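The structure follows.
Because the structure is a prediction, the values reported are computed rather than measured.
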Amino acid sequence: MQIDKDIHSDKLLIEQVREGNEKAFRKLFDTYRNDLYRFSLSMVVSKDYAEEIIQDVFLKVWVKRITLNQELSIKSYLFTMTRNKSISFLKKAANNRKLREEIFYKSQKSVNPTEKYIREAELEIIKQDALDLLPPRRRLIFEMSRNDGKNYKEIAQELGISQNTVRNQMSMALETLRNFILNNRDVALALLLFSRNWM
């Protein structure tokens, strides 16, 4: 069977890479590079950053080649690494205004009015799904901050709790929401939430 043949071929390739065979490493790169690049591009919406992520993935594979496990699927391993690096990059972008705006701009350039309307509806669904993950008290604090525009002092006074409690609850809420949003495959929507300072 072709699948068995591919698995055997990959195991042989990994064995050669582990031994430091540069030709085998080049073959590994040529075999998976384009698929990994497209996968990363679908997440980070930037050719330059997707390219950088793929280079990082293969650099790590080469540097840590001796630890490669021949029994594991190299394809799954490479895709998992690419996904993790892409998500790490998006988390970095979420906290860097310039980077966030650059990616958001690229992701929105081709959106027409109909798509924009659909995106807004999808955005509301994602927001509600994310908010549903929060305990009631934490959600209330988050919504008072984001929806009502209240500062921590005002929220603390209104709820009869300390500002420190408000700050901690907001921090936990934001971490939960960011993780949920960044794990959503439609990165353009996630970045739209970040760009509006909802996160």
Sub-4.5 Å side-chain heavy-atom contact between E52 and D48: no
Spacing of L36 atom CG and Q55 atom CD [to the nearest 0.5 Å]: 12.5 Å
Can you tell me how far CD1 of I155 sits from CD1 of I161, rounded to the nearest 0.5 angstrom? 8.0 Å
R26 bridged to D30 by N-O distance under 4.0 Å: yes
Remaining members of L59's ILVMFWY cluster at a side-chain heavy-atom cut-off under 4.5 Å? V63
Can you tell me how far the CD atom of Q169 sits from the CD1 atom of I141, to the nearest 0.5 Å? 4.5 Å
Side-chain heavy atoms of F142 within contact of N147, under 4.5 Å: no
Tell me, do D35 and L78 make a side-chain contact under 4.5 Å, heavy atoms counted? no
Any luck finding a side-chain donor-acceptor pair between T82 and S40 under 3.5 Å? no
Which of these, L13, L28, V61, sits in a side-chain contact (heavy atoms from CB on, under 4.5 Å) with L68? V61
Hey, what do you get for OG1 (T31) to CG (D10), rounding to the nearest 0.5 Å? 7.5 Å
State, to 0.1 Å, how close R18 and I66 come at their nearest heavy-atom pair, and which atoms those are. NH1-O, 2.8 Å
Non-hydrogen side-chain atoms of L159 and R137 separated by less than 4.5 Å: yes
Y49 vs F89 aromatic rings, parallel, tilted or perpendicular, using cut-offs 30° and 60°? tilted
When rounded to the nearest 0.5 angstrom, what is the spacing between OH in Y152 and OG1 in T165? 12.5 Å
Is the shortest heavy-atom distance from the side chain of R33 to the side chain of Y37 under 4.5 Å? yes
Over 60° means perpendicular and under 30° means parallel, so tell me whether W62 and F25 are parallel, tilted or perpendicular. tilted
Kindly indicate whether the side chain of I14, heavy atoms from C-beta on, has any atom under 4.5 Å from the side chain of N69. no
Determine which pairs satisfy salt bridge (Lys or Arg N to Asp or Glu O under 4.0 Å) with at least one residue from residues 147-157, sequence neighbours left out, and list them in order. K150-E158
With Y32, which residues qualify under ring pair (Phe, Tyr, Trp, His ring centres under 6.0 Å), at least two apart? none
For the pair E143 and R139, find out whether any cationic side-chain nitrogen is under 4.0 Å from an anionic carboxylate oxygen. yes
Taking all atoms of both residues into account, what is the closest heavy-atom pair of A156 and Q163, and its distance? CB-N, 3.8 Å
Count I, L, V, M, F, W, Y as connected when their side-chain heavy atoms are under 4.5 Å apart, and connections chain through other members. Are M170 and M172 then in the same cluster? no
Return the CG to OG1 distance between L72 and T80, rounded to the nearest 0.5 Å. 10.0 Å
Between R138 (side chain only) and A173 (backbone N and O only), is there a donor and an acceptor less than 3.5 Å apart? no
Looking only at heavy atoms, what is the nearest atom pair of R65 and V17, with distance? CD-O, 3.2 Å
